[in-house]
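Residue indices begin at 1 and follow the sequence shown.
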Amino acid sequence: MMAQQYEAEHKVIPPEVSEKPKSYIVKAKDDSMAPEIIIDDDIYFEEGCIESGEIGMFVNTRTEQVVVRKAECIDGKWVLIARNPDYPIIDIDNESNDWYCFGRVMGRGRKVNKGDW
């Protein structure tokens with residue numbers, strides 16, 4: 001399965017809206033976190049570290065792969081887990097240590113068509 005990919009361009013939330021840490025909005029490009037986050041949802045996240053059980057945005061510094069996943073510490077090892085079971089668990093607690101946590105997912109937005117509400 002392909003990892004969740006996001007557009008390289010992003011929007012920075014102005015400081016008057018969000019004091020430190022910096023906040024960003026990116027667009028989901030797959031369904032790895034469905035049903036919470038689906039294709040074309042806007043994902044709002046803030047730079048910074050996350051704790052076990054939280055959803056974050058992670059970057060592989062070697063491959064430049066970007067994913068949104070729930071981070072879990074299982075038996076002392078960190079893994080990234082997709083909500084959609086079609087996507088594999090990513091072991092980030094390994095010798096290569098290529099994964100970097102870019103920030104915590106704070107919410108999402110979804111376009112609603114007039115007839116949907």
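With salt bridges taken as basic N to acidic carboxylate O contacts below 4.0 Å, none links Lys22 and Glu47. We find that Glu54 and Arg104 are joined by a salt bridge, their nearest charged nitrogen and carboxylate oxygen being less than 4.0 Å apart. Between Asp93 and Lys77 no salt bridge is recorded (no basic side-chain N to carboxylate O distance below 4.0 Å).
Although no hydrogens or angles enter the test, the distance criterion places no donor-acceptor pair under 3.5 Å between the side chain of Ser32 and the main chain of Ala82. For the pair Asp41 (side chain) and Ile43 (backbone), a donor-acceptor distance under 3.5 Å is absent. Within the 3.5 Å criterion, the main-chain N or O of Asp31 finds a donor-acceptor partner in the side chain of Asn84. The main-chain N or O of Glu46 is never found under 3.5 Å from a side-chain atom of Ser23 such that the two would form a donor-acceptor pair.
Asp98 and Arg62 get closest at one heavy-atom pair: OD2-NE, 2.8 Å. For Cys101 against Cys49, the heavy-atom pair with the smallest separation is SG-CA, 4.5 Å.
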Check against side chain to side chain contact (heavy atoms under 4.5 Å, CB included), Lys29 and Ile39: CA-CA 5 Å; Lys29 291 298 181 188; Ile39 296 170; 5.8 Å; no
Stepwise side chain to side chain contact (heavy atoms under 4.5 Å, CB included) check, Thr61 with Trp99: CA-CA 6 Å; Thr61 56; Trp99 290 94; over 6 Å; no
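Residue Phe45 holds its CZ atom at 4.0 Å from CE of Met57, rounded to the nearest 0.5 Å. Of the inter-residue distances, the one linking Asp30 atom CG with Ile37 atom CD1 reads 10.0 Å to the nearest 0.5 angstrom. Taken from CD1 in Ile89 to NZ in Lys70, the straight-line distance is 11.0 Å, to the nearest 0.5 Å. With rounding to the nearest 0.5 Å, the separation of CZ in Phe58 from CD1 in Ile92 is 5.5 Å.
Residues Ile50 and Trp78 are members of one and the same hydrophobic cluster, defined by side-chain heavy-atom contacts under 4.5 angstrom among Ile, Leu, Val, Met, Phe, Trp and Tyr. Val59 and Val26 fall within a single hydrophobic cluster, where Ile, Leu, Val, Met, Phe, Trp and Tyr are joined by side-chain heavy atoms under 4.5 Å apart, directly or via other members.
Side-chain contact check for Met33 versus Ile55: some heavy-atom pair is nearer than 4.5 Å. Using a 4.5 Å cut-off on side-chain heavy atoms (C-beta onward), Arg108 and Asp42 make no contact. Residues Arg69 and Ile81 are not in side-chain contact: their nearest non-hydrogen atoms beyond the backbone lie 4.5 Å or more apart.
Classified by interplanar angle (parallel below 30°, tilted 30° to 60°, perpendicular above 60°), the ring pair Tyr24/Phe102 is tilted.
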